[in-house]
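These notes are about the structure you will find just below.
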Amino acid sequence: MLDIKFIRENKDIVAAGAKKKHIDIDIDALIGVDDKRRALVAEVDELRARQNKASDEIAGADEGTRVQKIAEMKVVKEILAQKEETLKPIMAEWQKRMVEVPNVPDMTVPEGESDAENQEIKTWGEKTQFPFQPKDHVELMAALGMVDFERGTKIAGFRGYVLKDDGVLLSFAIWNLALKFFADRGFSPMIMPSLARRENFLGTGFIPQGEEDLYKTQDGEYLAGTAEVATMGYHMDEVLQKENLPKKMLSFSPCFRREAGSHSRDVKGLIRVHEFYKWEQVILCEANHETSVRFHEELNRNTEEFIELLGIPYHTVVNCGGDLGLGQVKKYDIELWVPMEGKYREISSASYFHDFQTRRLNIRYKDAEGKMQFAHSLNSTAIPTPRILVSLIENYQQEDGSIVIPEALQSYMGKDKIVKKS
RNA sequence: GGAGAGGUGGCUGAGUUGGUCGAAGGCGACAGUCUUGAAAACUGUAGUCCCUUCACGGGGACCGUGGGUUCGAAUCCCACCCUCUCCGCCA
C-alpha cells in the first residue's frame with residue numbers, strides 16, 4: 001500500500017511506475033474516489049462535533065432544554081446515518097483501489113514485459129563440461145535411490161515426490177550448512193508457520209492479486225508459499241525499538257504453491273513442486289532508501305556466496321518492470337546452471353519494498369526525532385530445497401552416476417560422495 | 001469437541017445502575033532538582049491515526065474486531081477473533 005497523500009501529490013510518478021510494471025491502473029479514478037471520501041469524512045466529522053457538543057449540554061441541562069436538545073439531535077442523527085451510509089460504498093471502493101496500486105519501481109529497474117527481458121548482471125563459474133554423456137537429476141537421483149517420484153504421485157498426485165536415503169541426508173546437510181552460514185551473518189533463525197491467516201497475505205501483497213496460487217483451508221487460513229508471509233506477520237501491529245533495527249531473520253518453513261496456470265511447465269523432476277522447504281532471509285530496517293538498497297545488495301550477495309560455497313555456476317539477473325510483484329521496488333534473481341536443460345534456473349529472489357508491506361502490516365518504529373515511521377522491509381531466498389538438488393546433482397555427477405559432495409557439505413553429509421548402493 | 005472466565009494506553013490495572021473517561025492508581029520511560037557520580041526521593045512531561053492551520057491552535061476517530069440499541073456506549077445487545085482455566089482427545 002502506498003500513502004494516499006503520496007499518490008495524490010505524485011500521481012504521474014505512480015502512474016508511470018504502474019506502466020513500467022505493466023499493471024493497468026486508473027489513478028485518476030482513485031483520486032476521484034478519494035475526493036468524495038475526503039468531502040464526506042469532513043461532513044461526518046462536523047456532524048459528530050455537533051453531536052458531541054450537544055451531548056455534553058444534555059448531560060447538564062434542565063428537563064425542558066433537555067427534551068428540546070434531544071429532539072434536535074434526533075434529526076442530526078438521521079442526517080449522520082445517511083452520510084455514513086453514503087460513505088460506506090465509497091470506502092469499500094477506495095480500499096479496493098488502494099490495494100491495487102503498485103509500488104513504484106526503482107529507476108535502475110530495466111524496462112520489459114516478462115522474465116525474458118530480465119538483464120544478466122553477473123555470471124560466476126564455468127558452465128560444467130562433461131567428458132562423458134551426462135544425465136538429468138531425475139535419472140541420477142532415481143538410480144541412487146534418493147527420490148521416488150512414482151510413489152510420490154501415488155500419494156500426493158501431480159508433482160508429488162518422496163525424498164529418501166541420501167536425498168534426505170543431502171537435504172538436511174544443506175539446511176544445516178545454510179543455518180550456520182546465514183546465522184553467522186547476523187540472522188536470527190526461526191521456524192515459521194506455513195498455515196497463516198489472511199491478513200498476513202494481504203500485508204505482504206500476496207492477496208488479493210495472487211490468491212489463486214494459494215491453498216486455502218476450510219477454516220479460512222491459507223498455506224504460505226514462502227516464510228516471508230509469516231515472518232512479516234511476526235511483527236504485525238508492533239512499534240519496534242529503533243535500536244533493534246535492522247532486524248535480520250532467517251526463517252525456515254514448508255512452502256506450498258498451487259502453481260495454477262503453469263500446469264504444462266516443468267512437469268518432470270524437482271524444479272516445480274507443490275510442496276517444498278525454504279530458508280528465507282527477511283530484514284526490517286529503518287525507513288531510508290539508501291539503507292534499503294544497501295541491505296538489498298547484502299541479501300543477494302549472501303545467497304550468491306552460499307551458492308559459491310556449494311560451487312555451482314550461476315548468474316544473477318535484475319528483473320525487468322513487468323516481472324516485478326505489486327509491492328517490489330527492485331528484484332534480483334539468482335539462477336543456477338542446469339546442465340541437462342542447458343540453461344540457468346531460478347533458485348533465489350531478492351527484493352525490497354520500502355514501506356509497502358509495513359504500511360499494510362502496520363510495522364513501525366520511532367525515529368530519532370520521536371516520529372513514527374513505517375519500517376522498510378526486504379527479503380530474499382536463502383536456499384530452497386529440493387530445487388537446489390537439481391543443479392547440485394547434475395553439476396556434480398560423475399561418469400559412473402555417482403555424485404561428488406561439495407566440500408562445504410561433506411561434514412554435514414558424513415561422506416564425500418553418493419554412490420549407488422549395492 | 002464440552003464447560004467457564006476474560007480481552008482497557010509501553011506494561012500492570014481501575015472503570016460494567018450509559019452522560020466532562022482518551023480513560024484513576026501503580027510500574028516503566030523521558031526531562032529537571034538533589035549528588036563527585038549513581039541510586040533513592042521530589043517536580044514536571046508524555047498515546048496513535050485522520051482533517052484543518054504558516055504557526056499557536058481547533059475538530060474527529062480509536063478501550064480485541066465488526067454490527068446494533070440510544071440524543072449520547074469502554075460501559076447495554078448480537079456476531080466473530082483471540083487468550084486463560086477445567087474436562088475429553090492427541091504427537
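Chain naming here is simple, since letters A, B, ... match the order of the sequence lines and numbering starts at 1 in each. No hydrogens, no waters, no symmetry mates; every other heavy atom, side chains included, goes into these values.
- Of the P atoms belonging to B:rA74 and B:rG66, the separation is 13 Å, rounded to the nearest Å.
- Nucleotide B:rG66 holds its P atom 12 Å from the CE atom of A:M91, rounded to whole Å.
- If you take CE of A:M73 and P of B:rG19, they are 19 Å apart, rounded to a whole angstrom.
- Note on A:R66: a base of the nucleic acid sits closer than 4.0 angstrom, heavy atoms only.
- Note on ring orientation: taking the six-membered ring where Trp is involved, the planes of A:W175 and A:F252 are perpendicular (angle over 60°, cut-offs 30° and 60°).
- Put simply, the residue from A:E93, A:K88, A:Q95 that forms a side-chain contact (heavy atoms from CB on, under 4.5 Å) with A:M91 is A:Q95.
- To the nearest angstrom, P of B:rU48 lies 13 Å from CD of A:Q373.
- For A:R38, the listed nucleotide lying nearest its side chain is B:rC51; candidates were B:rC51, B:rG60, B:rU70.
- Relative ring orientation between A:H376 and A:H354 is described as tilted, the plane-to-plane angle lying within the 30° to 60° band.
- Distance from the side chain of A:K88 is smallest for B:rG68 among the nucleotides B:rG72, B:rG68, B:rC82.
- With a cut-off of 3.5 Å on both pairing distances, the Watson-Crick or G-U wobble partner of B:rA61 is B:rU48.
- Across all strands, A:K366 comes closer than 4.0 Å only to sugar-phosphate atoms, never to a base (heavy-atom distances).
- Figure legend. B:rA41 is base-paired to B:rU33; pairs are counted as Watson-Crick or G-U wobble with both atom distances under 3.5 Å.
- Comparing B:rA73 with B:rG22, their P atoms sit 11 Å apart, to the nearest whole Å.
- Around the CZ atom of A:F6, the shell of radius 6.0 Å holds more than 12 heavy atoms that belong to other residues, nucleotides or ligands.
- Map A:R364 and A:K74 each onto its nearest nucleotide of RNA chain B; the residue landing nearer the 5' end is A:R364.
- One finds a side-chain N or O of A:N52 lying less than 4.0 angstrom from the OP1 or OP2 phosphate oxygen of B:rA61.
- The aromatic rings of A:F306 and A:F182 sit tilted relative to each other, their planes meeting at an angle between 30° and 60°.
- Distance noted for atom P between B:rA29 and B:rA40: 9 Å (whole Å).
- Across the protein-nucleic acid pair, A:L80 atom CG and B:rG72 atom P stand 9 Å apart, rounded to whole Å.
- The two residues A:S251 and A:M192 make their nearest non-hydrogen contact at OG-CG, 3.6 Å.
- Base pairing of B:rC21 is not made with any nucleotide, judged by Watson-Crick or G-U wobble geometry with both donor-acceptor distances under 3.5 Å.
- B:rA73: no Watson-Crick or G-U partner with both key distances under 3.5 Å is found in any strand.
- Relative to the side chain of A:R197, the nucleotides B:rC81, B:rA61, B:rU48 differ in distance, and B:rC81 lies closest.
- In this structure, A:E199 atom CD and B:rC80 atom C1' are separated by 13 Å, rounded to whole Å.
- For A:Q51, the side-chain atoms get nearest to B:rG72 when compared with the rest of B:rG60, B:rG72, B:rC82.
- Spacing between B:rA14 and B:rU75 at atom C1', rounded to whole Å, works out to 13 Å.
- Residue contacts for A:E46: at a heavy-atom cut-off of 4.0 Å it reaches no nucleic acid atom on any strand shown.
- In this structure, the CD1 atom of A:I79 is 14 Å from the P atom of B:rC71, given to the nearest Å.
- Annotation: B:rA23 and B:rA61 have their C1' atoms spaced 15 Å apart (nearest Å).
- Nucleotides B:rA46 and B:rA41 have their P atoms positioned 22 Å apart, rounded to a whole Å.
- Rounded to a whole angstrom, the distance from the P atom of B:rU20 to that of B:rC63 is 16 Å.
- Nearest to the side-chain atoms of A:K5 among the listed nucleotides B:rC50, B:rA61, B:rC81 stands B:rC50.
- The side chain of A:I58 sits closest to B:rG19 out of B:rG60, B:rG19, B:rU48.
- What separates CG of A:D237 from P of B:rU48 is a distance of 16 Å, to the nearest Å.
- With RNA chain B read from its 5' end, the first of the two nearest nucleotides for A:A49 and A:K69 is the one closest to A:A49.
- When both pairing distances are held under 3.5 Å, B:rC84 makes a Watson-Crick or G-U pair with B:rG4.
- Taking atom C1' in both B:rG18 and B:rG72, the straight-line distance is 8 Å, to the nearest Å.
- In this structure, CD in A:Q281 is found 7.5 Å from OG in A:S348, a value given to the nearest 0.5 Å.
- Note: CD (A:E238) to P (B:rC11) measures 11 Å, nearest angstrom.
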